[in-house]
There are 2 protein chains.
Amino acid sequence: MTTRPPTLEEVAQRAGVSTGTVSRVINNARHVSDKSRRAVEKAISELGYVPNTAARSLATQRRGAVVLAISSDDPALFANLFFAEVITGVNAVLEETDLQLMLVLAASERGRARFAKILQSRSADGVMLLALKENDPLSKMAEESGLPTVHGGRSLDRTPQWYVDADNRGGARAAVEHLIAAGRHNIATITGELDTHAGHGRFMGYREAMVLAGLSDQRVAHGDFSEASGAAGMKLLLDDHPDLDAVFVASDAMAIGALDVLRENGKRVPEDVAVVGFNDVVTARNTQPALTTVRQPIEAMGREMTRMLVRLLNGEQPTSLILPTDLVLRAST
Amino acid sequence: MTTRPPTLEEVAQRAGVSTGTVSRVINNARHVSDKSRRAVEKAISELGYVPNTAARSLATQRRGAVVLAISSDDPALFANLFFAEVITGVNAVLEETDLQLMLVLAASERGRARFAKILQSRSADGVMLLALKENDPLSKMAEESGLPTVHGGRSLDRTPQWYVDADNRGGARAAVEHLIAAGRHNIATITGELDTHAGHGRFMGYREAMVLAGLSDQRVAHGDFSEASGAAGMKLLLDDHPDLDAVFVASDAMAIGALDVLRENGKRVPEDVAVVGFNDVVTARNTQPALTTVRQPIEAMGREMTRMLVRLLNGEQPTSLILPTDLVLRAST
DNA sequence: TACAGTCCTGTAAGCGCTCACAGTTTCTCC
DNA sequence: GGAGAAACTGTGAGCGCTTACAGGACTGTA
């Protein structure tokens, strides 16, 4: 058993000053003489004093912590290095502050209850929400708590006041424009779920690029981001539009399904049909052929969400952000 | 702005009892009449009261949170779904308790300082440490703090009192025995860094299996877990032991490098040379051919670490755990 | 009826810190 | 040298909760 850590009062005694002065030194407030400051600092280091966060929180009404809540149990969150990347980004910014990171996986009912408890017990000063589903209950909970909240991604039904999102539309458009520049004209698309912001945005990006180039945007199959739906979509496309020479697929998982179908049908990639995916999942570089895809700046999203939240906590008014994506060129185009 | 949340005192007033009684109800202590209890519960739900954690922490000297510190910036931690899996496991157990999860990435100097601060300011009741490097400073910091600490993995230099680890040796042995059972006899190995517990254990597992089967354990190349070192190791092995018919590789990354070299040298896998890796990284199922490998129970490690820590916090004396691995059979054997 | 046990309840003293307030000292500038 | 401002410091009242401790109200027993 370790002995009880030293308190501010003991520091004050040792330094021969009052507790108020010690507190001022700790929070480097003004109005402290060099002499007192030095005495206090000496006492602090001799005693190995570190302020007790609970006591400080109680007095200041500030928690010194933010919570990152991850809502969906969507496998998309776990495929990929999504998790690691977001957290790396969040951590990088938090390291520059005194804020601690609390993590809540709120996929289950229980997890949601825990999240609610954190909010209501005021265990955190702010919230970062990765809620990929539409109408996610966490979103409302955070709002009702009144805590500053930053969203990662948007839903179609409601644009949160503060969010960071990837440029789904722009990314899709760039991907399709890349296909066009490579001389493809009969470009099809397999969409994701259109009732998600990402799915909708990527589809819009496709249409935008095609229309602007004066090409037909009518070669469309609808999927749900899953590998199986990608395969099914590809089959439909081959039936309906045997002339297609490229396909923009709204997720890598679907693209993988599509590649299988193309192979089964004797289509060579990219010679006969070029394929572009979206997300740059880890396996994208190991497909046959390696998949050209759109990479989302996930770590940057984590970073920017955190920056935004920190600003909010400082009373500033940040502006929401849409981050650019990268087109990763590989052998499938 | 939301109004200040209700306090315990307001609950007491509304319920017509004293604060002591309310506190007893909240912590469901004994000696509360049904009448008071009901009155208090009614008041609580009417007011939407939730105890303030900071105040409670201050009074009880318990924080209601544990910290998960991830030390290494080792890419191995980020390849894979390591991150997501560990956290999923940790979260699953934590959901059954009232403990919150604080996450610290302590790869940088700054991160380490933050970790120290958490320990010293007593912001957490216990520590889970994923410190993959030998002699990791975090390990000592945690120990000095006196907080209950559970380690994920071991280092060679020092076995922590409480840890959860995967059975590296047993996993390796099972992999090699699988090769033997398939009729291979000239089995080589490419080791990982032997000064890590994992590298050492896997090598021991290889030797154990070979010796027990009466086979030579002398076909050895040493690597450092990286893809490049796997390729280099494979080259050496082919030169020194052209008769080899199988190779147990201590990491998937190295196995991928080895597969490349085998292909370049016209060796067919698995016909000429069977290959087994270790870790089951996401890409292992997409290699050519798909890689047979040893899967570590990462989520289970997270779960067991957390269980162990919870027991420790309850004053129980848990015992350290070595979790079994799984052999994932694919086309490379 | 008296007396010890049990239960229940209220009271109040902390937990370790911050911060307004008031008091004291030191400057600054005529 | 003195008035007023500025800088410094100590004091003490909280922040919202827990937890002895001290009763008071019952119960059962002699």
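To find a chain, count down the sequence lines: A is the first, B the second, and so on, and within it residues start at 1. Computed over heavy atoms, backbone and side chain alike; hydrogens, waters and symmetry mates excluded.
With sequence neighbours excluded, no residue forms a salt bridge (Lys or Arg N to Asp or Glu O under 4.0 Å) with B:Asp195. Partners of A:Arg112 according to the salt bridge (Lys or Arg N to Asp or Glu O under 4.0 Å) rule, which considers only residues two or more places apart in sequence or in another chain, are A:Glu109. Listed by chain and residue number, A:Glu95 satisfy the side-chain hydrogen bond (donor to acceptor under 3.5 Å, both in side chains) test with B:Ser108 (two or more places apart in sequence, or in another chain). With sequence neighbours excluded, no residue satisfies salt bridge (Lys or Arg N to Asp or Glu O under 4.0 Å) with B:Arg110. Legend: residues meeting side-chain hydrogen bond (donor to acceptor under 3.5 Å, both in side chains) with A:Glu299, ordered by chain and number and at least two apart, are absent.
The phosphate of C:dC15 (OP1 or OP2) has no side-chain N or O of B:Ser57 nearer than 4.0 angstrom.
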Under-3.5 Å N/O pairs linking protein and nucleotides 19-22 of chain C:
none

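C:dG16 atom P lies 14 Å from atom CD1 of A:Ile26, rounded to whole Å. As rounded to whole Å, 12 Å separates atom C1' of C:dT18 from atom CG of B:Leu58.
Comparing the local axis fitted to the first five base pairs of the helix from C:dT1-D:dA30 to C:dC30-D:dG1 with the one fitted to its last five gives a bend of 40°, rounded to 10°.
With a cutoff of under 4.0 Å to any heavy atom of chain A, the contacted region of DNA chain D is bounded 5' to 3' by D:dA7 to D:dG16.
Every pair passing salt bridge (charged side-chain N to carboxylate O under 4.0 Å, His left out) that includes a residue from residues 13-27 of chain A is listed here, sequence neighbours excluded: A:Arg14-A:Glu46. Residue pairs meeting the salt bridge (charged side-chain N to carboxylate O under 4.0 Å, His left out) criterion with at least one member in residues 53-62 of chain A, sequence neighbours excluded, do not occur. For residues 25-36 of chain A, no residue pair satisfies the salt bridge (charged side-chain N to carboxylate O under 4.0 Å, His left out) rule, not counting sequence neighbours.
Of the residues in residues 30-49 of chain A, those lying under 4.0 Å from DNA chain D by heavy-atom distance are A:His31, A:Val32, A:Ser33, A:Ser36.
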